Amino acid sequence: MEEVDFNKIAAKWQKKWEEKKIFKVKVDSKKKKYYCLEMYPYPSGQGLHMGHVRNYAMGDSYARYKRMRGFNVLYPMGYDAFGMPAENAAIKNKINPRKWTEDNMALMKSQQKLLGLSYDWDRELASCNPEYYKWNQWIFLKLLERGLAYKKKSPVNWCEDCGTVLANEQVEDGACWRCKNPVSEKELEQWFFKITNYADELLKGLDDVKDWAERVKTMQRNWIGKSEGTEIFFPIEKSKEAIPAFTTRPDTVFSVTFIALAPEHPLVEKVTKGTKYEKEAKKFVEKVKRESVIDRINEEKEKEGFFTGKYAINPASGERIQIWIANFAVMDYGTGAVMCDAHDKRDFRFAKKYDIPLKVVIKPANVKKFRVEDLKEAHTDDGIMINSDQFNGMHNRKALPKISAWLVKNNKGKKVVNFKLRDWLISRQRYWGTPIPVINCKKCGIVGIPEKDLPVKLPPPEKVKFTGEGNPLESSEEFVNVKCPKCKSAATRETDTMDTFVDSSWYFFRYCSPKEDKKPFDDEVEYWMPVDQYIGGIEHAILHLLYARFFTKALRDIGLTTVDEPFSNLLNQGMVLKDGMVMSKSKGNIVDPREIIDKYGADTARLFILFVALPEKEFEWSDKGAEGSYRLLKRVYYLATEKPKYKKTVDNKDKHILSKTHQTIKQVTESYEELKPSVAIGKIIELVNHIYKYREASVNKKVYEEAVKNLTLLIAPFAPHLAEEVWEKLGNKKMVSLESWPEYDQSRIDKEAEFADELVHNVLSDVEKIIELAGIKEPKKITLIIAADWKYTLLKTLVTAMKDTRDTKAVIGTCMDERKVKAYAKYAVKIIQALLKDNSKIPKILLEEKKELESYKAAIETIEKEYGTKAEIISEKETENAKAKQALPGKPAIVVE
RNA sequence: GAGGGGAUAACGAAGUGGUCAAACGUGAUGGGUUUAGGACCCAUUGGCUUAGUGCCUUCCGGGGUUCGAAUCCUCGUCCCCUCACCA
C-alpha cells in the first residue's frame with residue numbers, strides 16, 4: 001500500500017472549502033434549517049485540548065451529515081473572550097489583556113482550521129468586542145427598565161490584604177489564593193438579575209426539552225429546588241413579633257419544641273439585646289460567621305447552637321419553646337428560621353446534645369406505647385398522629401394538608417412556595433468584562449446610559465493600572481468621572497463589569513444575525529432558533545444552561561424573539577482521560593492534539609475520538625487506538641484508488657456486497673440520528689472489511705463502484721478530507737461535502753431472505769429425517785401455528801423432539817412485532833410448500849393471541865395479500881391444546897399429516 | 001442524606017426480548033509478503049468438537065417473569081458523578 005500524505009490532502013481541501021465558501025449559509029425559507037452548535041470556547045492560551053477536539057469532531061460530523069441530508073445548516077463558531085485569566089496575565093506579566101486574548105483566539109482558530117471544521121466563519125464573534133458587548137449593555141438596560149436587574153447589598157468573599165472581592169473559586173481553604181490570608185465575608189452593593197422571577201417557568205420548561213439527558217434536567221431541577229410548604233408563625237413570648245419558619249412538614253408542628261435561628265437572622269440581635277446573653281450570643285455569631293466560609297468544604301460539621309434565653313409560643317400546641325441560634329440554620333433558605341422537632345434526625349441530635357425537651361407526634365401504626373424517652377434516634381417514618389389534638393389518629397400524610405389548612409385558617413401560617421434558586425449576582429469588580437452601563441448620580445441615583453451612547457467601551461489597557469488590588473477600572477479617572485445624563489451634574493460611572501456568563505447567555509442568538517447593528521439580533525432568529533443540537537461539557541449543566549434559558553425567556557418578554565427554550569437537544573460530551581485521570585498540565589498527562597494531527601492527520605484524530613466511545617461517556621486516550629483509525633483511512637483510500645479485477649457477470653458475492661452496502665447505509669444513518677457516531681463508524685469498518693474480502697476474487701465493476709461510492713459518502717462526515725480526495729479520484733466533479741446523503745434500498749437488504757433460505761434448508765433436511773423416522777410417505781396436510789416469538793434454534797429443538805413422536809402436525813413459533821411476524825410467516829410458507837413438494841398449496845397461518853394484538857393486524861393483512869392465504873388469530877388456549885396434542889409438555893412441535 | 005449513571009470476553013467498547021458465543025477496535029497467536037525491520041494481507045482469539053455443522057459454559061451475584069433473557073422485574077455487591085447543614 002502506497003504511503004498517503006493525509007496532511008497534504010487535508011491542506012488541499014481546507015483551502016478549497018475556504019476559497020469556495022461552501023459552508024457559508026443564509027436564511028432560505030424553502031429549506032429546512034438545522035442549527036448545530038458547540039459551546040464556544042474560552043481562548044485560554046493553551047490552544048485546543050482533546051476535549052475541544054472531541055466537541056468539534058462531534059459537532060462538525062453532525063453538521064456535515066445534516067448538510068448532506070439536505071438541511072440548511074447553521075454551524076458557527078466564536079469565542080468567550082472576557083474573563084479573569086486575561087486580567088491575571090496583565091497583573092502578573094504586564095501583558096495587554098486585549099492583545100493576549102486576541103493572540104489566543106488566533107491560535108485557537110488556526111488549530112480549528114487544521115481540523116477542517118465546517119464553520120461559517122463569516123459569523124464569528126468574540127464577546128470582548130464592543131460590537132458584541134454593546135448588546136450585553138443594551139439588554140442590561142432593558143432588564144433594568146423592567147426591574148429584572150437591580151442592586152442590593154450582598155455578602156461577598158473579601159480579602160482585606162488585597163482589598164478586593166474574590167470569586168468562590170479564588171477562595172482556597174478559606175484563604176485568598178494569592179496572598180494566603182484569611183478571607184472574610186463583607187456586605188457590598190452588587191448587581192443582580194432577577195432570575196427568581198422565572199423560577200417556575202424554568203422548572204416547567206424542563207419538561208419541554210425532551211432530548212436532554214435526565215441527569216442534566218435533574219441537576220437543574222435540584223438547583224431550582226422548588227418546594228411547596230407552609231410558613232408557620234411562632235410568636236415571641238412577651239413581644240408583638242413572631243418568627244416565621246418555613247417547613248414542608250407542617251404535620252410535625254405539634255412536636256416543635258425549639259426554634260433555630262440562622263446567625264445572620266435579624267431577630268438574633270433584637271432577641272438578645274439588653275439581656276445577659278447578648279455578649280455571648282455575639283461571640284457565637286461571629287464564630288459561626290467566620291467558620292461559614294472556611295468550613296464550607298468540611299463535610300460532617302458539628303452542629304452547634306446557642307440558647308438566646310428567650311422563648312416563643314408553639315402556635316399549635318400553645319407550649320413555650322426555646323429560641324436558639326444554630327449554625328445549621330442558613331439565612332439563604334426559607335425564612336432563616338427552622339422549626340425543630342423530634343421527627344428530624346438533625347434536630348433530634350441537636351436537642352439531645354443541648355438537652356432540649358422533645359415531643360413525638362407520629363408513632364408507628366402497630367406500636368401502642370410510643371414515648372420520646374425511649375427513642376435513641378429520630379423517628380422519621382410515616383405513621384399515626386398522636387399528641388396533636390383534633391388530628392390524633394390520622395395518618396400523618398393525610399393530616400399534613402389538614403394541619404396546614406388549619407394553620408392558615410387561624411392566621412398561624414401561610415402557604416408558600418420556596419425555591420433554592422437565588423438571584424444571579426452578575427457584578428464583578430474586574431476590568432476584563434462588559435462595563436455595566438449605568439452612572440451613579442448623587443441627585444438622580446442610578447441612571448442608565450442612554451441607548452445612543454452605547455457601547456460604554458472599556459478604557460484601553462494602557463490607561464488603567466493592573467496592580468492586583470481593587471478594580472483596575474477605578475484607576476481610570478477618565479472612565480469614572482462623568483456627567484449625569486439626566487441632570488448633567490458631576491457623577492461617577494459604575495465600575496463593576498458583568499459576569500462572563502452574561503456574554504454566553506445569548507451568543508447563540510447573535511450568530512443568527514452577527515452583523516446587525518440596531519438590535520442585539522434581528523428576525524432571522526425566528527428562522528434559525530432554537531438550536532437543534534447543542535454540544536458541550538457537562539460542567540455547564542447547571543449555570544450556563546440555566547442562565548441561557550433565563551435569558552431566552554427574558555428576551556422573549558422584551559419582545560425580541562418568540563423562542564421559549566433555546567436548545568432543543570443537548571449532548572453533554574464526556575471527558576477525555578489519560579491513565580485514568582483528567583488530562584491536565586499539573587498531572588503532566590496531556591496528549592496534545594497537534595501531535596496526533598501531525599502524525600496521522602486531522603481525519604484520524606477526528607475519527608478515532610468519535611469511534612472510541614459514545615459521546616456522553618468519558619474515555620481513556622490511547623495512541624494505539626488512534627493507529628487503528630489511521631489504518632481504516634488507509635484502507636478506504638486503498639479501496640477507492642486500487643482497482644480490483646473486474647468481471648462481467650453478477651453472482652451471489654456481488655449481490656451480497658450490495659446487500660451489505662445498503663444495510664450499512666441504513667445502520668449508519670440510524671446511528672447518526674441517534675447521535676452514536678461510534679456505532680456508525682463500527683458499521684463502516686465492517687463494510688470496509690467486507691469489501692476487502694469481496695474483492696479478493698474478481699468483482700463486477702458496477703457493483704464494486706457502487707459499494708465504494710457509498711462507503712465514501714458514509715465516511716465523509718467523519719473523515720471529510722479523505723472523502724473529498726477519494727471522491728475526486730473516483731471521478732466526481734462536485735465536492736463530496738455538497739453531495740446528498742445516500743438512500744438505502746430496502747429491497748437490496750436481503751438478509752432476511754438469506755436467513756429464510758437457510759432456515760428452509762435446515763428445516764427441510766431435519767423434517768425429512770422425521771418423516772423417514774415416522775414412516776410417512778407423502779405428507780398431505782401441514783398446519784402452521786405461529787404461536788409466540790420463537791427463533792430458529794427452538795424450532796430445531798422441536799424438530800428434534802419430533803423424532804420421538806408419530807403424530808403429524810406442525811407447530812412453529814414466531815414473534816411479536818409486525819416485521820418479524822411477516823418474516824416468519826414467509827419462512828413458514830416456504831417450508832410447508834417445500835415439505836409438500838407443491839408450491840401451489842398455500843398453508844393456513846394461525847397466530848397466537850397475545851396482548852400486542854394491534855401489531856398483528858397489519859401483519860395479517862400482508863400475509864393474506866402476499867400469500868393469498870387466511871391468517872387467523874387463535875387463543876392461547878388453542879395453542880395449549882396444540883401443545884397438549886403433541887404430548888410435548890410446555891413445548892409445541894412440528895406436526896406433519 | 002437526596003438524586004442520577006454504571007458493571008459485557010485480555011483491554012476499550014457496541015449490543016436493551018429471538019439471525020447472540022455477543023459488532024468494532026486494540027492487544028495476543030499462527031501464516032503470507034518482504035533482504036531484514038516496519039508497513040500491509042489472511043486466519044484464529046470461551047471450551048469441546050465436525051466435511052459443512054453441532055454441543056456445552058458465559059454478559060457483577062442471587063431470585064423471578066417468559067416457550068426464550070446480556071437485554072425485563074426483584075433483592076444484593078461494587079464503582080462513578082452531581083447536589084447537599086434545604087428545615
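The figures that follow rest on heavy atoms only: side chains count, while hydrogens, waters and symmetry mates do not. Computed from a predicted model, the values in this text were never measured in an experiment. Numbered from 1 within each chain, the chains take letters A, B, ... in sequence-line order.
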Peer 1: Specify the residue among A:Glu686 and A:Asp341 whose closest nucleotide of RNA chain B lies further upstream toward the 5′ end.
Peer 2: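 Nearer the 5' end of the strand: A:Glu686.
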Peer 1: Output the rounded distance in Å from CG (A:Asp251) to P (B:A87).
Peer 2: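 Answer to the nearest Å: 13 Å.
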Peer 1: Distance check, P atoms only: B:A70 and B:C56, in whole angstrom units.
Peer 2: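 Those two atoms are separated by 14 Å.
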Peer 1: On RNA chain B, nearest-nucleotide positions of A:Gly682 versus A:Gly334: which is more 5'?
Peer 2: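 Result: A:Gly682.
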Peer 1: Need one value for A:Lys345: base, sugar-phosphate or nothing, where a base atom within 4.0 Å counts as base even if backbone is also close, heavy atoms only.
Peer 2: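 Nothing, no nucleic acid heavy atom in range.
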Peer 1: What's the gap between B:G25 and B:C75 when it is taken at their P atoms, as a whole Å value?
Peer 2: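 Rounded to whole Å, the distance is 40 Å.
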Peer 1: Can you tell me the base-pairing partner of B:G1? Count Watson-Crick or G-U wobble geometry only, both distances below 3.5 Å, and say none if there is no partner.
Peer 2: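 Here B:G1 is engaged in a pair, and the nucleotide opposite it is B:C83.
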Peer 1: Which atoms form the tightest heavy-atom contact between A:Thr604 and A:Leu633, and what is the distance?
Peer 2: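 Closest heavy-atom pair between A:Thr604 and A:Leu633: OG1-CD1, 3.3 Å.
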Peer 1: Kindly say whether the aromatic ring centers of A:Tyr692 and A:Tyr638 come within a distance under 6.0 Å.
Peer 2: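 Yes.
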Peer 1: Could you check how far CH2 of A:Trp223 sits from C1' of B:G3, rounded to whole Å?
Peer 2: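 So the CH2-C1' distance, A:Trp223 to B:G3, works out to 15 Å.
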Peer 1: Run the salt-bridge test on A:Asp251 and A:Arg397 with the 4.0 Å N-O cut-off and return the result as yes or no.
Peer 2: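 Answer for the salt bridge query: no.
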Peer 1: For nucleotides B:G47 and B:C41, find the distance between their P atoms and express it as a whole number of Å.
Peer 2: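 The answer is 26 Å between these two P atoms.
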Peer 1: Mind checking if A:Ala329 touches a base, just sugar-phosphate, or nothing, with heavy atoms under 4.0 Å?
Peer 2: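 Result for A:Ala329 = base.
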Peer 1: Could you work out the separation of B:U33 and B:C42 based on their C1' atoms and round it to a whole Å?
Peer 2: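 After rounding to an integer number of Å, I get 11 Å for this pair.
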Peer 1: When rounded to the nearest 0.5 angstrom, what is the spacing between NZ in A:Lys217 and CG in A:Leu545?
Peer 2: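 The NZ atom of A:Lys217 sits 12.5 Å away from the CG atom of A:Leu545.
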Peer 1: Once you apply a heavy-atom cut-off of 4.0 Å, does A:Thr248 come out as touching a base, just sugar-phosphate, or nothing?
Peer 2: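 Sugar-phosphate only.
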Peer 1: I'd like to check A:Arg346 versus A:Val338 (side-chain heavy atoms, cut-off strictly below 4.5 Å). Are they in contact?
Peer 2: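 Heavy-atom side-chain distance check passes, below 4.5 Å.
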Peer 1: Does the ring centre of A:Phe258 sit less than 6.0 Å away from the ring centre of A:Phe350?
Peer 2: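 A:Phe350 vs A:Phe258: aromatic centres under 6.0 Å.
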Peer 1: Just call it for A:Val679: base, sugar-phosphate, or nothing, with non-hydrogen atoms closer than 4.0 Å on any strand.
Peer 2: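 Answer is sugar-phosphate: A:Val679 comes under 4.0 Å of backbone atoms only.
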Peer 1: What pairs of nitrogen or oxygen atoms, one from the protein and one from nucleotides 25-30 of chain B, lie under 3.5 Å apart?
Peer 2:
residue: B:G25; atom: OP1; partner: A:Asn689; partner atom: ND2; Å: 3.2
residue: B:U26; atom: OP1; partner: A:Arg631; partner atom: NH1; Å: 2.6

